[in-house]
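Note that the structure is a prediction, hence the values are computed from the model and not measured. Worth knowing before you read on, the calculation uses all heavy atoms, side chains too, and leaves out hydrogens, waters and symmetry mates. Here is how names work: the chains are called A, B, and so on, in the same order as the sequence lines, proteins then strands, and each is numbered from 1.
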4 protein chains.
Amino acid sequence: MCPKVTGQYKTEIKEKIIQAAIESFAQTGFDRTKMEDIAKRLDLSKGTIYLYFASKEDLFLAICEHYLKFLKEQQLSTIFTRKEDVVLYAEHFYENFRKLERGNDRVMLEMVVESTRNQKLRKGMYEHRLKVYDNVVEHLSKQIERGFIKKDIDVNGLASAFVALYDGLAASRMLGISEAQSKKAWVAMVRAVMAGIGG
Amino acid sequence: MCPKVTGQYKTEIKEKIIQAAIESFAQTGFDRTKMEDIAKRLDLSKGTIYLYFASKEDLFLAICEHYLKFLKEQQLSTIFTRKEDVVLYAEHFYENFRKLERGNDRVMLEMVVESTRNQKLRKGMYEHRLKVYDNVVEHLSKQIERGFIKKDIDVNGLASAFVALYDGLAASRMLGISEAQSKKAWVAMVRAVMAGIGG
Amino acid sequence: MCPKVTGQYKTEIKEKIIQAAIESFAQTGFDRTKMEDIAKRLDLSKGTIYLYFASKEDLFLAICEHYLKFLKEQQLSTIFTRKEDVVLYAEHFYENFRKLERGNDRVMLEMVVESTRNQKLRKGMYEHRLKVYDNVVEHLSKQIERGFIKKDIDVNGLASAFVALYDGLAASRMLGISEAQSKKAWVAMVRAVMAGIGG
Amino acid sequence: MCPKVTGQYKTEIKEKIIQAAIESFAQTGFDRTKMEDIAKRLDLSKGTIYLYFASKEDLFLAICEHYLKFLKEQQLSTIFTRKEDVVLYAEHFYENFRKLERGNDRVMLEMVVESTRNQKLRKGMYEHRLKVYDNVVEHLSKQIERGFIKKDIDVNGLASAFVALYDGLAASRMLGISEAQSKKAWVAMVRAVMAGIGG
DNA sequence: CATGAATGAGTCTTCATTCAT
DNA sequence: AATGAATGAAGACTCATTCAT
């Protein structure tokens, strides 16, 4: 009677490999990361990775799915009762999401770039984006219902813009903009949108 | 016995190669673009490219500089006299910039990603970003002077946010968000910021 | 603490593995057959095969010996009493041998090819060939004694030729020549040799 | 004006590579031959071979075509006028064909084995075999017309058998049967077929 | 006895770069 | 100046073999 490797174990290893790959890809980029590099991070051999992922691309796709699954689970909480909380919440939201992907801005960008070529990935990321977007739309709508936000705004346009703003800040950080400045920009925009800056 | 490539002619060829490389990189990405591909676009041989650029990386850097130079030349025009024009201008600005880089979102993103590794490139892109940012700050400040925008806003934060928003929309488009939706988001955000959406 | 694999049981398993390997090698060829493939045919694990055979080559050699032993056991029966039976017998002989190796022409060819490199294998196959050849010589001689065949023929040459003919037909079948055509060729040759075709 | 590499040159190199590959494959077999080995025979680098052949398999297929073309060009000459010449001719024919493929029996066998998997190759070899077969049929028919061979023989069966015999002798030689014995077998069979051995 | 996860040497293949012409 | 044949370092992937359980 030999101890069988449970599915559990397999899943754990896969998860570890994915984590190591995320680190490698984040550091060196997909194309310049060698399978060997990823293996070394885990004190594994090249071959072992191939026991769990059929190819480098396959591994990358698994990372993408991993992220998508992870991100889709995130929900925009909407628990606040005063108009002033809207801005406060914006900060929390930003910080929250930042934590989820800390250090992996680059992998996210690579995924965006890669999605240009990979139909399946593109679909996945597009759907994720849609979901995030829907969340934002719903969130904005609720605030309208509550009377925290005016009725005659372009909810769809604004939702798109907020998602893009968040992504754009990731690019900014990659170029060296500080985390603080990045957050400051987010807050300033949310605040401005809520209050208006027109003189 | 080969006469050195010099002067006007040399510059022209270099420019052509850069253009071809931009197209290739935009289509296939830096790592997956072969020197041969670029050469073929120009009916040149691989070897010839090396007469003008020392390496593939060198060529990429030249593209970056090319873009930076190009982008730095762009100025935020500030010619409008009525408060209402601010939003109108936002549209023009967006369209203008879009034209400048049409189809090359990807190269821009690659540059951002690449800048993570390349000190020189990173510095260049950072400086460019700073310049764009300065322009936006300056622009906002002028509107404050004119009384089109309130005095007590976070100019720096907002400027950062607008630059990020623009970049983020590029990422959105790569994922399949339409050009129209992208523009709509931009306008909605500008409009909201100007007027405020607080109920 | 593992008891050694021994005796009857061990032999049985070895036999099973050899059979599975023959099938695999016949289908995919030696080099392209994976140990895993063989293991799967038996619902065994790769590791188990190594309990019985030291290496892939070792397994192949065992197959060769298996075949050689098997083939050496075959005898050319010589029970026929009339001259006309010679041709009839030729057919029986052919069919008999065909059954023994049905579907494994390829392994036989691989063995021939492999014997080019493997001294031990080559010796074994050469010896087997000699034995078959001797059988044929003996057989022909008997027919001479009986007066079924002329005395002044090149027994050795003919014997070699018949062995080669048999092998050559195997190659033919691998190229798509039908079993029927193959047999027809054998019979035609035997008949012609017996009767002569000279006008 | 740079010297263009003419198609002529390219063809020459290809031919050289094919020759080197034949030698390598004949010596080590397809699977165990490294591209590097082939390259070294020509004092070339691995990469160069890939300029002329897309892959190892491609190179092998080119060899096959090379052989097929070569073999198809061979014709069975039929110039002899006396019945006795038939046997004499058989020897010449054998020697002639032996020269054409000297040392490459193994590649031929590999081709046969490989054809099991490769549809295209199989078709080519089958067609070649058919052509050789047709030649033999035609040749036999001519001898019948001339009255050198009886009318009531199974021409098709005999033709198949002669082709197979030739191939089978190749296998024999690989196992260590001498060239002389091989030829002797051929001659004995031809002679027997012509004269009959029935007592 | 049996297992199958892990290993890493071995190969094919790619492609940036060089250089003789 | 331009070419494109040649190079060879680099890296993805395979699979025979080992060994802890």
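- Rounded to whole angstrom, the span from the CG atom of C:Asp31 across to the P atom of E:dG10 amounts to 16 Å.
- For E:dT21, the paired nucleotide is F:dA2, the pair qualifying as Watson-Crick or G-U wobble because both relevant distances are below 3.5 Å.
- Distances shorter than 4.0 Å separate none of the side-chain N or O atoms of D:Tyr50 from OP1 or OP2 on F:dA6.
- Taking every side-chain heavy atom of D:Tyr9 into account, F:dA5 is the closest of F:dA2, E:dA16, F:dA5.
- The CD1-P distance, from A:Ile49 to E:dG8, rounds to 13 Å in whole Å.
- Atom CG of A:Leu51 and atom C1' of E:dT3 are 14 Å apart (whole Å).
- Nearest nucleotide to the D:Ile13 side chain, out of E:dT7, F:dT18, F:dA6: F:dA6.
- Minimum heavy-atom separation, D:Ser24 to D:Thr33: O-OG1, 3.3 Å.
- Base contact: B:Lys46 has a heavy atom under 4.0 Å from a base atom.
- To the nearest angstrom, P of E:dT11 lies 17 Å from CG of D:Leu59.
- Across all strands shown, F:dG8 forms a Watson-Crick or G-U wobble pair with E:dC15, both key distances being under 3.5 Å.
- Nearest-nucleotide positions on DNA chain F for C:Glu36 and A:Ser55 put A:Ser55 closer to the 5' end.
- In this structure, NZ of B:Lys56 is placed 11 Å from C1' of E:dT14, rounded to the nearest angstrom.
- Between A:Lys40 atom NZ and F:dG11 atom P there is a gap of 11 Å when expressed in whole angstrom units.
- Comparing A:Met35 and B:Leu44 against DNA chain F, the residue whose closest nucleotide sits nearer the 5' end is B:Leu44.
- A:Asp43 comes within 4.0 angstrom of sugar-phosphate atoms only, judged by non-hydrogen atoms across all strands, and of no base.
- The side chain of D:Thr48 sits closest to F:dA6 out of F:dA6, E:dA5, E:dT13.
- When the nearest nucleotides of DNA chain E are assigned to D:Lys34 and B:Ala54 by heavy-atom distance, the more 5′-ward of the two goes with D:Lys34.
- Listed candidates were F:dA5, E:dT7, E:dA2. Nearest to the side chain of A:Ser45 is E:dT7.
- Per the geometry, CD belonging to B:Gln8 stands 12 Å off P belonging to F:dA1, to the nearest Å.
- Here the P atom of nucleotide E:dC12 and the CG atom of D:Asp58 are 14 Å apart, to the nearest Å.
- Under the 30°/60° scheme for interplanar angles, the aromatic rings of C:Phe30 and C:Phe60 are found to be tilted.
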